[in-house]
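Scope of the values below: all heavy atoms of this structure, side chains included, with no hydrogens, waters or symmetry mates.
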Amino acid sequence: MPLPRGQTPGRGLLQSLQIGTRSLSAGTRNMAPSYDFETLRVSQARDDVLHVELNRPEKRNAMNKTLWREMVECFNRIAQDSDYRAVVVSGAGKMFTAGIDLMDMAGDVLQPKEDDTARRAWHMRNTIRQYQESFSVIEKCPKPVIAAVHSACIGGGVDLITACDIRLCSQDAWFQVKEVDIGMAADVGTLQRLPKVIGNASLVRELVYTARKMMADEALSCGLVSRVFQDKEAVLEGAFEMASEIASKSPVAVQGTKLNLIYSRDHSVQEGLDYIATWNMSMLQSEDIVKSAQAAMEKKSPKDVPYSKL
């Protein structure tokens, strides 16, 4: 039975809970209270680690309007939830995601509500901006987010994972920027983030102009993912272990690091240096530094340090 929020179990009980949690399948993990969605399944995977699954397996996790909206609600909530320090995102069923649910989304594109061209365009721009936020919210979330990809990651799936901090995949995973095949340019993040993720302009253009598939080994070699695992079960276990390791660190340090990495990506080196100096003039006064130094002197692991919630 899950403990009440905020209650800290004893070491023996905690170890028993962790062992029990690790033995559960993704579908039977402890459901996280207050995270009740139609297209997302949210559960606690480890201590301080939240698992967010795209949960339309019968539709190959195709992204409908409800999913786009619930992603924003979910990650805005996670950003404010001090009970969790790291997040894993995966797909339920046989694949990560088939991308945009074209049948569900067609009305926004093919059946505009206005007759005037300018008003149609204005409405369309607002719609696109809303969809962009569905993945930008992941990047804005201060908690590190790990994508655990298996099988197909198509179209909107690439938009999603490039907004994540870390990408892992199974050996059967493949990636495809599919938008040109349906007559459009990708508009919710891939064209903006993928070049910065893999740092190879030629390869990015090849992928987005041809819509060809990229298999797991190539994704690893170009830097789209950082590790490849044998199968879905293994990549999930690897993601949970990595998230647990991250969650064991000072949340002040980890979340500050994420925010500064994103800032520095989009600014000059000097601007990034100025920003971290301003950031750390207050954050270096954290009690976490004292706790960490004491643990180091006592030759303890960071996992043994009782960092306060953030």
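Judged by distance alone, the side chain of S282 and the main-chain N or O of W279 form a donor-acceptor pair under 3.5 Å. Remark: the backbone N or O of N61 is paired with a side-chain donor or acceptor of T97 at under 3.5 angstrom. A donor-acceptor pair is defined here as one N or O able to donate and one able to accept, closer than 3.5 Å; no such pair exists between the side chain of H123 and the backbone of A118. Listed for the D231 side chain is a donor-acceptor partner under 3.5 Å among the backbone atoms of A234. Formation of a donor-acceptor pair under 3.5 Å by the K300 side chain with backbone atoms of V305 is not found in this model. A donor-acceptor pair under 3.5 Å links the side-chain atoms of D165 to the main chain of V145, judged by distance alone. Side chain of K143 to backbone of D81: a donor-acceptor contact under 3.5 angstrom is found. A side-chain donor-acceptor contact under 3.5 Å links D104 to the backbone of K65. Remark: the backbone N or O of A211 is paired with a side-chain donor or acceptor of Q176 at under 3.5 angstrom. Side-chain atoms of E133 do not come within 3.5 Å of backbone N or O of Q130 as any donor-acceptor pair.
Here the side chains of N64 and T39 are in contact, with some heavy-atom distance below 4.5 Å. Looking only at side-chain heavy atoms (C-beta outward), C222 and M214 come within less than 4.5 Å of each other. Taking 4.5 Å as the limit, every side-chain heavy atom of V49 sits out of range of all side-chain heavy atoms of Q44. In this structure, the side chains of L160 and M71 come closer than 4.5 Å at one or more pairs of heavy atoms. The shortest side-chain heavy-atom distance between Y35 and L40 does not fall under the 4.5 Å cut-off. Counting only heavy atoms from C-beta outward, the side chains of R85 and V254 never approach each other to under 4.5 Å. Side-chain contact between I146 and C164 is absent, with no heavy atoms from C-beta onward closer than 4.5 Å. The side-chain heavy atoms of V42 and C74, taken from C-beta on, include a pair separated by under 4.5 Å.
Closest approach of D101 to A62, counting heavy atoms only: CB-CB, 3.9 Å. The shortest non-hydrogen separation linking A216 to V228 is O-CG2, 3.9 Å. The two residues T162 and G189 make their nearest non-hydrogen contact at OG1-O, 4.4 Å. Minimum heavy-atom separation, V252 to S286: CG2-OG, 4.0 Å. A pairwise comparison of heavy atoms in S226 and I166 identifies OG-CG2, 3.8 Å as the closest pair. Scanning both residues, E179 and A185, for their nearest heavy atoms gives CB-C, 4.2 Å.
The pair E237-K232 does not meet the salt-bridge criterion, since no charged nitrogen lies less than 4.0 angstrom from a carboxylate oxygen. A salt bridge links D181 with K178: at least one charged nitrogen is closer than 4.0 Å to a carboxylate oxygen. For R193 and E139, the salt-bridge test passes: some basic side-chain N is under 4.0 Å from an acidic carboxylate O.
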For this session: Decide yes or no on salt bridge (charged side-chain N to carboxylate O under 4.0 Å, His left out) for R56 and E38, but give the supporting numbers first.
Result: CA-CA 9 Å; R56 301 185 74 214; E38 179 182 336; over 6 Å; no

Problem set entry | Residue pair R77, E70: steps toward the salt bridge (charged side-chain N to carboxylate O under 4.0 Å, His left out) verdict | CA-CA 10 Å; R77 197 172 300 174; E70 289 185 339; over 6 Å; no

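The side chain to side chain donor-acceptor pair (under 3.5 Å) with Y307 is formed by just one residue from the set S250, S292, S248; it is S292.
If you take CG on N260 and NE2 on H267, they are separated by 11.0 Å, rounding to the nearest 0.5 Å. With values rounded to the nearest 0.5 angstrom, M124 atom CE is found 12.5 Å from T117 atom OG1.
Ring pair F96/W174: centre-to-centre distance not below 6.0 Å. Separation of the H51 and F240 ring centroids falls under the 6.0 Å cut-off.
Side-chain polar atoms of Q230 and S170 form no donor-acceptor pair below 3.5 angstrom. D159 and Q132 form no side-chain donor-acceptor contact under 3.5 Å, judged by distance and modelled atom types alone.
Cluster annotation: I154 and L67 are assigned to distinct hydrophobic clusters (Ile/Leu/Val/Met/Phe/Trp/Tyr, side-chain heavy-atom contacts under 4.5 Å, transitive).
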